[in-house]
There are 2 protein chains.
Amino acid sequence: MSTPLNPACQNCKDRFSSIFCKADHSNLELIDAAKVCSSYKKGQVIFHEGAYPFGVYCINDGKIKLSHSGDDGREQIVRLVKAGDIMGYKALLSNERYTATATALEDSSICFIPKDLFLNVLQKDASLSFEMMRILSSELRKAELKITHLAQKPVRERLAETLLFIKETYGLEADGHTLNVRLSREEIANLVGTATESAIRLLSEFKKDGMIELEGKKIRLLDMPEIIRTANLHD
Amino acid sequence: MSTPLNPACQNCKDRFSSIFCKADHSNLELIDAAKVCSSYKKGQVIFHEGAYPFGVYCINDGKIKLSHSGDDGREQIVRLVKAGDIMGYKALLSNERYTATATALEDSSICFIPKDLFLNVLQKDASLSFEMMRILSSELRKAELKITHLAQKPVRERLAETLLFIKETYGLEADGHTLNVRLSREEIANLVGTATESAIRLLSEFKKDGMIELEGKKIRLLDMPEIIRTANLHD
DNA sequence: CGCGTCCAATGACTTGCGTCAAGCGCAAAA
DNA sequence: TTTTGCGCTTGACGCAAGTCATTGGACGCG
């Protein structure tokens with residue numbers, strides 16, 4: 001949507017953590033030639049639920065949320081995307097419309113890879129498609145775990161897990177405690193699957209209990225109970 | 001676990017609806033030669049959450065449930081498997097232990113395909129692996145939709161969706177109304193993600209409202225409201 | 001500068017739904 | 001037959017959590 005500058009994939013800082021680290025060199029060059037890199041501002045929508053996909057997006061830099069909008073308009077965040085990740089592959093592979101909306105959580109730089117090229121490379125490159133299956137399996141595993149927790153665990157516990165999940169996904173700032181992303185209380189609630197007020201109240205409780213510190217949108221993790229460890233969404 | 005009889009894949013009645021309809025002929029023969037077919041009795045466990053996978057299972061005949069057991073021991077059913085479907089691929093592809101337990105809902109006949117062979121064929125056969133990705137994408141889509149509904153919809157609505165989902169999965173009996181599977185109330189509850197008593201109460205309500213008929217484990221669908229249609233778990 | 005908007009926070013109220021407990025029918029075992 | 005046990009059903013109760021409403025602070029804008 002703006003400022004295309006197309007950095008070479010080979011130089012991409014997340015080259016080795018992304019799916020494409022498995023791709024053959026020649027295929028990487030093909031992708032490199034065809035991709036279009038754009039930057040998006042915080043809050044901007046990259047693609048919309050219901051639209052037809054024309055390719056996949058690879059995050060060069062930034063953070064994205066993928067969310068469903070429920071029938072009553074409430075949003076449910078189903079995935080957090082970081083640099084090196086790709087998104088939009090689900091709709092592409094099943095040849096359907098997007099089931100989620102992608103919105104930038106901060107200013108981001110994102111490469112677009114056209115559908116035909118991506119599918120062609122996927123056909124030719126067995127290790128790339130194997131990696132793709134690995135990613136899909138992992139996402140499916142996380143989703144099924146989330147289903148179980150949503151059905152069985154109280155909000156308090158789910159919120160705690162969510163905070164740890166955010167930590168696993170985006171990591172911590174230099175101080176070693178602050179979550180390296182700014183989310184509104186509403187976004188946190190939509191990630192947990194609860195009402196905004198409930199999320200706020202429980203965050204206050206966590207703070208009172210000395211588990212976290214709050215400063216605006218900054219959240220610092222102090223003593224998150226170990227119990228959660230066994231049940232979180234790690235890879 | 002019993003009665004191996006190994007019917008040829010080429011003759012399998014679900015040959016054309018399964019993932020293997022996309023596989024190359026020569027690869028199909030390889031699989032045919034290596035697979036082991038067994039029959040399982042109702043209630044029998046095919047594989048257990050936490051165990052290491054040694055291959056994938058392809059349902060020849062029967063019905064299976066895949067379920068997580070929550071920390072408190074409560075079961076959450078995450079998938080219903082039917083003839084022609086495969087299961088166990090997620091653990092295999094991500095090279096982790098099973099995250100779910102597979103239990104036969106009725107007497108079933110299931111083929112086992114060894115890990116190495118399956119992965120090899122997957123490497124060689126692009127259209128098979130593409131089909132695999134399609135399946136994974138579709139499962140992921142359903143899982144994300146279920147997450148949204150669990151987070152946002154009341155139990156009554158989720159139960160109605162679940163009944164329609166069962167219908168989509170296993171179909172109806174000859175009378176055109178009765179769900180073609182027998183599930184306990186507890187299993188229905190574990191599919192919906194609610195307490196058994198709630199499921200029972202709401203089923204009674206549905207009956208009183210003339211939406212369904214109940215006769216033991218038989219459930220006949222009469223007038224399920226159209227509203228649900230837009231939000232169900234179809235393919 | 002004051003005004004409006006957005007978001008966080010908290011209190012009060014309501015309720016969906018989970019838990020507990022008791023009764024019932026049916027089928028297998030003794 | 002009686003007994004035992006299991007799954008289904010219904011009622012009563014309590015609480016977690018959702019909804020509604022108010023306040024206050026931060027920020028941008030005319």
Side-chain angles (χ1 to χ4, degrees), chain A residues 41-43 65 70-77 103 105-106 148-163 179 181-209 212-220, chain B residues 41-43 65 70-77 103 105-106 148-163 179 181-209 212-220:
Chain A
K41 288 213 294 271
K42 176 178 175 171
K65 65 174 174 184
D71 308 334
D72 54 352
R74 225 168 78 207
E75 159 184 81
Q76 175 66 40
I77 300 181
T103 312
L105 291 169
E106 54 185 49
T148 303
H149 289 177
L150 228 20
Q152 302 191 349
K153 300 207 170 187
V155 175
R156 186 184 161 92
E157 209 163 330
R158 300 210 311 269
L159 174 60
E161 282 171 10
T162 299
L163 293 178
L179 292 181
V181 64
R182 297 300 127 92
L183 297 170
S184 71
R185 302 298 141 117
E186 190 183 3
E187 284 169 326
I188 293 174
N190 293 341
L191 206 41
V192 174
T194 188
T196 308
E197 295 93 324
S198 297
I200 290 174
R201 254 184 272 269
L202 287 167
L203 282 173
S204 302
E205 270 190 35
F206 285 1
K207 179 180 167 185
K208 205 168 55 191
D209 296 351
I212 63 173
E213 279 177 7
L214 296 171
E215 186 189 332
K217 290 195 186 351
K218 279 188 194 173
I219 299 178
R220 263 185 294 277
Chain B
K41 289 213 294 275
K42 175 176 175 172
K65 67 174 174 183
D71 307 336
D72 54 353
R74 225 168 77 206
E75 158 184 82
Q76 175 66 37
I77 299 181
T103 312
L105 291 170
E106 53 185 50
T148 304
H149 289 177
L150 270 173
Q152 300 190 349
K153 300 205 169 187
V155 175
R156 185 183 161 92
E157 209 163 331
R158 300 211 309 272
L159 174 60
E161 282 170 9
T162 299
L163 293 179
L179 292 181
V181 64
R182 298 299 128 92
L183 297 170
S184 70
R185 304 296 141 116
E186 190 183 4
E187 284 170 327
I188 294 174
N190 293 341
L191 205 40
V192 175
T194 188
T196 307
E197 295 93 325
S198 297
I200 289 174
R201 254 183 272 269
L202 288 167
L203 282 173
S204 303
E205 271 191 35
F206 285 0
K207 180 180 167 185
K208 205 169 56 192
D209 297 352
I212 64 173
E213 279 177 6
L214 297 172
E215 185 189 332
K217 289 197 189 350
K218 279 189 194 173
I219 299 178
R220 265 185 293 279

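As a basis for the values below, the full set of heavy atoms in this structure was taken, side chains included, without hydrogen atoms, waters or symmetry mates. Quick caveat, the model's predicted, so the values are computed rather than measured.
Using a cutoff of 4.0 Å between basic side-chain nitrogens and carboxylate oxygens, B:Glu161 and B:Lys153 are scored as salt-bridged.
The shortest side-chain heavy-atom distance between B:Glu213 and B:Lys218 does not fall under the 4.5 Å cut-off. Here the side chains of B:Arg156 and B:Leu159 are not in contact, with every heavy-atom distance at 4.5 Å or above. Between A:Glu157 and A:His149 there is no side-chain heavy-atom pair separated by less than 4.5 Å. Using a 4.5 Å cut-off on side-chain heavy atoms (C-beta onward), B:Ile188 and B:Glu186 make no contact.
Straight-line distance from the CD atom of B:Glu215 to the P atom of C:dG25: 17 Å, rounded to whole Å. Put simply, CZ on A:Arg158 is 11 Å from C1' on D:dA16, counting in whole angstrom units. With rounding to whole Å, A:Lys207 atom NZ is found 10 Å from C:dA9 atom C1'. Between the NZ atom of A:Lys153 and the P atom of D:dA16 there is a distance of 17 Å, given to the nearest Å. Rounded to whole Å, the distance from CG on A:Leu150 to P on C:dG18 is 12 Å. Rounded to an integer number of Å, the gap from A:Glu213 CD to C:dA8 C1' is 18 Å. What separates CD1 of A:Ile188 from P of C:dC7 is a distance of 14 Å, to the nearest Å. Distance, B:Lys208 NZ to D:dT9 P: 14 Å, rounded to whole Å.
Side-chain proximity of B:Val155 to D:dC8, D:dG18, C:dG18: nearest is C:dG18.
Residues B:Gly193 and A:Ala151 approach most closely at CA-CB, 3.8 Å, considering heavy atoms.
Using a 4.0 Å heavy-atom distance criterion, A:Lys217 is classed as a sugar-phosphate-only contact.
Residues from residues 189-206 of chain B placing a heavy atom under 4.0 Å of any atom in DNA chain C, listed by number, are B:Thr194, B:Ala195, B:Glu197, B:Ser198, B:Arg201.
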